[in-house]
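All figures in this text were calculated on a predicted structure; none of them were measured in a lab. Reminder, nothing fancy here: chain letters follow the sequence lines and each chain counts from 1.
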Protein chains: 2
Amino acid sequence: MPSLEFEPPKYARVVLELRRRIEEGQYPPGSMLPSESQLVREFAVGRTTVVRALQMLQQEGWIVREHGRGSFVKGRPASEREVTRPGLAVLDQPEARDGVSLVQVGTVPAPSPVAAVLGLAEGASLVMRRWVSTRDGIPSELVTCWFPPELAYGTDLGSDSPLPVGVRAHLRSVRQLRIDHIAERLTARLPDADEPTLLQVGSSDPLLSILATAHDATDAALFAVEIVMPGTLHELEDVYSVPD
Amino acid sequence: MPSLEFEPPKYARVVLELRRRIEEGQYPPGSMLPSESQLVREFAVGRTTVVRALQMLQQEGWIVREHGRGSFVKGRPASEREVTRPGLAVLDQPEARDGVSLVQVGTVPAPSPVAAVLGLAEGASLVMRRWVSTRDGIPSELVTCWFPPELAYGTDLGSDSPLPVGVRAHLRSVRQLRIDHIAERLTARLPDADEPTLLQVGSSDPLLSILATAHDATDAALFAVEIVMPGTLHELEDVYSVPD
DNA sequence: CCCATCCACTCGTCCGATCAAGTGGACTGC
DNA sequence: GCAGTCCACTTGATCGGACGAGTGGATGGG
């Protein structure tokens with residue numbers, strides 16, 4: 001009875017095995033991997049398959065290959081570590097869950113910074129959707145989305161009942177709209193009109209504000225989302241590799 | 001007379017040419033590239049070479065390859081756009097240039113957040129180096145580095161004359177120390193003791209604060225650097241791709 | 001001791017060939 | 001009209017082979 005299970009290609013199996021060994025410390029950082037011809041013999045595959053696996057590990061940052069010397073272990077790459085992507089996180093957050101409460105939905109004129117990032121005239125009508133996330137009973141984020149009306153049309157984005165899935169999945173399923181990348185702009189500022197009430201902070205407490213735009217693959221800005229967090233409660237983390 | 005100029009490998013030349021065509025609009029986003037066998041004939045190379053070039057373009061985000069359908073142009077990938085890396089930028093900034101003034105150098109006890117990210121006891125002695133960057137006559141950044149003494153030993157990091165190269169290059173040349181990755185932690189806060197004076201801001205103006213650690217390839221934290229900026233003057237930008 | 005040469009080993013590039021797997025359109029039969 | 005089959009075209013995976021280029025150690029000669 002032949003197995004119906006998915007079999008990864010050979011090169012992927014070599015990647016997984018070498019990665020496992022690196023993670024388990026069999027090949028510690030700084031050590032040299034077996035040579036290509038040794039791996040060919042060990043895994044009983046062609047050299048091209050081994051090379052492909054090693055190139056993939058190098059591209060991911062696990063190893064470095066040096067011409068004439070061998071392949072050397074770097075260890076778990078930096079990009080494998082936890083990195084917060086606040087814009088994406090809020091777009092994947094279902095509203096209909098504990099700790100999230102929808103506070104405002106409606107058509108509003110575009111505030112100046114939002115109009116600017118969306119390339120619209122100031123005051124242009126946008127569908128706004130705003131919610132508060134709380135953690136341990138404390139408001140932790142105020143999220144405001146601004147959608148152009150033609151994008152919101154035919155969706156539930158203008159309705160005041162909480163979405164059971166995140167905005168991203170909703171747009172994907174209702175409008176077959178795919179977000180290709182997100183641009184975020186971070187700044188620190190003081191709270192404006194109703195933010196002290198919604199976030200339960202003082203009117204002179206510093207806030208971290210992220211104004212993000214979601215873009216399609218042609219780079220067109222689809223919509224904007226602002227995330228406002230009390231500065232004393234939050235740290236955003238980012239890790240990046242340093243080129244030579 | 002044979003040319004001594006560097007000739008890129010064939011696959012690289014295919015990458016460069018296809019990339020050029022995408023950038024010049026010959027293959028606009030959404031359009032389909034010529035098939036592999038067409039490219040084989042056009043570039044007079046083997047199929048493996050074409051495949052390697054296309055895989056590279058896909059890995060970089062310029063195209064997407066669909067099994068049985070062809071290769072489709074996405075356009076200039078998000079990661080190709082300008083992204084600020086404040087931690088790296090200040091480490092590559094020579095001090096001995098216009099707009100940078102060294103304000104403090106010496107051995108100090110480690111402040112609590114710095115000790116925490118470096119895995120040291122609070123109050124442990126560190127070599128501190130602090131400078132102010134100004135832009136158009138206005139202070140824009142206050143940068144403070146904290147080096148463990150054994151790392152600063154034998155370098156000019158404890159001296160009060162401005163470095164002619166950035167800290168990263170200095171450590172590389174004097175100690176053969178390579179920074180593998182940088183971790184940044186962003187938060188918003190109010191100014192502390194001498195920051196209002198150094199940055200010429202009010203004592204209740206919100207600041208953007210980045211506490212960064214530089215790590216070697218084994219993930220050990222080498223040293224810390226804090227960058228403080230007036231929140232009203234700065235926007236940090238980040239762009240990232242969104243997975244399916 | 002120092003320098004040049006050689007050699008075994010290493011990775012880098014490239015090729016051709018083969019088979020597998022997926023796509024979309026055309027065609028045929030019900 | 002719809003479903004199934006076929007076919008040309010597409011990318012995905014794998015192999016073996018050849019040559020090039022770089023590394024580091026051993027060896028021999030001055």
query: Do B:Arg20 and B:Glu24 meet the salt-bridge criterion of a basic N to acidic O distance under 4.0 Å?
result: yes

message: If the condition is side chain to side chain contact (heavy atoms under 4.5 Å, CB included), which residues does A:Ala220 pass it with, not counting sequence neighbours?
response: A:Asp216, A:Thr218

message: Among residues 29-43 of chain B, which ones have heavy-atom contacts with DNA chain D below 4.0 Å?
response: B:Ser35, B:Glu36, B:Ser37

task: Just jot down the side chain to side chain contact (heavy atoms under 4.5 Å, CB included) partners of B:Ala183, sequence neighbours excluded, or say none.
output: A:Val239, B:Arg185, B:Thr213, B:His215

query: Could you give the start and end, 5' to 3', of the contact zone on DNA chain C for chain B, using atoms under 4.0 Å from its heavy atoms?
result: C:dT13 to C:dG24

query: salt bridge (charged side-chain N to carboxylate O under 4.0 Å, His left out) with B:Lys74: which residues, sequence neighbours excluded?
result: A:Asp180

message: With the threshold set at under 4.0 Å for non-hydrogen atoms, list the residues of residues 44-58 of chain B touching DNA chain C in residue-number order.
response: B:Val45, B:Gly46, B:Arg47, B:Thr48, B:Thr49, B:Arg52

Salt bridge (charged side-chain N to carboxylate O under 4.0 Å, His left out) pairs, two or more places apart, involving residues 36-53 of chain B: B:Arg21-B:Glu42, B:Glu36-B:Arg47, B:Glu36-B:Arg65

query: So, is the end of the A:Arg85 side chain (NZ or CZ) under 6.0 Å from the ring centre of B:Tyr240 and within 45° of the ring's axis?
result: yes

field: B:Ala124: partners by side chain to side chain contact (heavy atoms under 4.5 Å, CB included), with sequence neighbours left out
entry: B:Leu120

query: Which residue pairs satisfy the salt bridge (charged side-chain N to carboxylate O under 4.0 Å, His left out) criterion with at least one member in residues 146-162 of chain B, sequence neighbours excluded?
result: none

field: Partner set under salt bridge (charged side-chain N to carboxylate O under 4.0 Å, His left out) for B:Arg97, not counting sequence neighbours
entry: none

- prompt: Nearest 0.5 Å, what's the CG-CG distance between B:Leu186 and B:Leu208?
  reply: 7.0 Å

query: In chain order, what residues pass the side chain to side chain contact (heavy atoms under 4.5 Å, CB included) check against A:Ser133, with sequence neighbours excluded?
result: A:Gln93, A:Val100, A:Trp131, A:Ser140, A:Glu141

field: Opening and closing nucleotides of DNA chain D in contact with chain A, under 4.0 Å to non-hydrogen atoms
entry: D:dA13 to D:dG24

